[in-house]
Number of protein chains: 2
Amino acid sequence: MVPDNRRRALLDAAAKFFGRRGFAGTSIRDISAEVGMLPGSMYYHFSSKEALLLAVHEEGVHHIEESVRRALAKSSGNPWQRLEEACVAHLEALLGGNEYVQVVTPQFTRLLPADLSKQLVVQRDSYESLFATLVDAVELPRGVNRRLLRLTLLGSLNWTLIWYRKGGDSPAQIAQEIVRLFRVRLDEGSDGI
Amino acid sequence: MVPDNRRRALLDAAAKFFGRRGFAGTSIRDISAEVGMLPGSMYYHFSSKEALLLAVHEEGVHHIEESVRRALAKSSGNPWQRLEEACVAHLEALLGGNEYVQVVTPQFTRLLPADLSKQLVVQRDSYESLFATLVDAVELPRGVNRRLLRLTLLGSLNWTLIWYRKGGDSPAQIAQEIVRLFRVRLDEGSDGI
DNA sequence: CCTACCGATCGGTAGG
DNA sequence: CCTACCGATCGGTAGG
């Protein structure tokens with residue numbers, strides 16, 4: 001029965017500002033004012049600005065990872081279908097409106113001080129290896145660079161954060177179309193065409 | 001015979017810091033110290049921190065655009081070949097070590113104040129429409145979303161900034177492999193297979 | 001370009 | 001969580 005609504009509110013506000021203005025571009029005063037708190041009071045809930053970001057990032061990773069794990073738990077398809085379902089879940093989490101996920105991208109991390117950046121990478125680690133496992137399971141024709149496929153597929157999905165606007169195709173449709181862009185021919189390797 | 005070495009040095013230092021730490025994460029003092037100048041002296045060369053960024057960004061866009069235009073001027077291939085050559089030139093400019101180009105990406109722009117962000121988008125405008133023209137010229141099978149292809153291809157290329165390290169495949173090889181990932185099957189539409 | 005400086009804002013803290 | 005405050009740093013300027 002602990003009323004950590006204040007902590008929750010701080011996290012929400014931090015996610016919003018960090019995602020839109022970046023870490024350096026956001027002040028403790030921005031965040032605390034958003035929740036009607038005085039700047040110093042934030043330090044009752046978090047030990048530092050960096051600790052706040054770590055908490056936001058962890059929750060963002062968790063949100064995406066759970067979305068994908070749920071999708072995979074329901075899936076019984078072949079490797080290509082599982083990969084596609086994972087991509088759909090990934091994009092639904094990424095574009096679904098959750099503010100925390102905006103902070104879960106290497107482009108965001110790259111601008112941070114090295115030590116802070118490393119801690120975020122650790123938080124993403126298990127999710128990224130999950131994704132690698134899915135790509136590894138897929139059959140490919142000889143000569144296709146599996147690592148490049150993984151990086152390019154993930155990059156294409158994450159890049160939607162830049163251009164996606166509500167009102168057009170749904171995140172799920174976009175993910176399916178993107179996977180199809182890669183899959184169609186590559187998939188033939190396993191069909192023997 | 002104007003010795004604008006100092007202006008040049010400021011631009012170089014700004015490109016370096018903006019690219020690595022972001023706009024908000026870089027101070028005038030970082031930049032001026034890098035070139036052995038006092039903070040106030042920068043304002044003799046540029047009217048504001050924003051003006052400095054605008055100049056860096058403009059040069060970054062110019063660098064990429066010229067690389068692509070040169071490649072296209074030499075090219076006499078079909079639309080797919082021209083698109084591939086443009087992608088190669090794009091990636092060679094992006095990964096070739098020029099510090100200015102790190103600032104030429106929507107992910108960087110997204111964190112900026114809206115009015116500044118808009119000015120950068122204007123600077124990128126002509127280059128992006130050049131790229132759109134190339135994608136428009138390519139033959140595609142029915143059902144392939146041309147806009148999505150363009151966004152995904154460009155996203156894949158730009159995403160290499162995240163993971164590219166010297167020592168592996170060259171930027172040109174990576175660009176060719178990425179285009180092939182998209183092209184192989186899509187291209188068949190025009191071959192009637 | 002330097003000197004010398006401005007007011008504003010920064011992340012963070014002591015004490016309650 | 002607020003009060004009250006700290007030293008450091010910020011973008012920028014006047015005057016030369």
What does [X] touch in the nucleic acid at a heavy-atom separation under 4.0 angstrom: a base, only the sugar-phosphate, or nothing?
X: T26(B); value: sugar-phosphate
X: M37(A); value: sugar-phosphate
X: L38(B); value: base
X: S41(B); value: base

Count the heavy atoms belonging to other residues, nucleotides or ligands that lie under 6.0 Å from NE2 of H62(B), then report whether that count exceeds 12. no
Of dC1(C), dG11(D), dC1(D), the nucleotide closest to the side chain of H45(A) is dC1(D)
For dG16(D), the nucleotide meeting Watson-Crick or G-U wobble distances (both under 3.5 Å) is dC1(C)
In whole angstrom, give the distance that lies between atom [atom1] of [X] and atom [atom2] of [N].
X: L53(B); N: dG11(D); atom1: CG; atom2: C1'; answer: 15 Å
X: L10(B); N: dC1(C); atom1: CG; atom2: C1'; answer: 11 Å
X: I31(B); N: dC10(D); atom1: CD1; atom2: P; answer: 11 Å
X: K49(B); N: dC10(D); atom1: NZ; atom2: P; answer: 9 Å
X: I28(B); N: dA8(D); atom1: CD1; atom2: C1'; answer: 17 Å
X: D30(B); N: dT9(D); atom1: CG; atom2: C1'; answer: 11 Å
X: Y44(B); N: dA14(D); atom1: OH; atom2: C1'; answer: 16 Å
X: L52(A); N: dG12(C); atom1: CG; atom2: P; answer: 10 Å

Answer yes or no: does a side-chain N or O of [X] lie under 4.0 Å from OP1 or OP2 of [N]?
X: S27(B); N: dC10(D); result: yes
X: Y43(B); N: dG12(D); result: yes
X: R29(B); N: dT9(D); result: no

- Message: Apply side-chain contact (heavy atoms from CB on, under 4.5 Å) to residues L11(A) and Y100(A) and explain how you reach the verdict.
- Response: CA-CA 9 Å; L11(A) 284 169; Y100(A) 292 69; 3.2 Å; yes
Residues T105(A) and R110(A): side-chain donor-acceptor under 3.5 angstrom
no
| query | What's the verdict on side-chain contact (heavy atoms from CB on, under 4.5 Å) for W80(A) and R183(A), showing C-alpha distance, side-chain angles and the deciding distance? | reply | CA-CA 8 Å; W80(A) 267 110; R183(A) 177 177 178 181; 3.5 Å; yes
#### Entry: Aromatic contact, Y127(B) with H63(B) (centres under 6.0 Å)
no
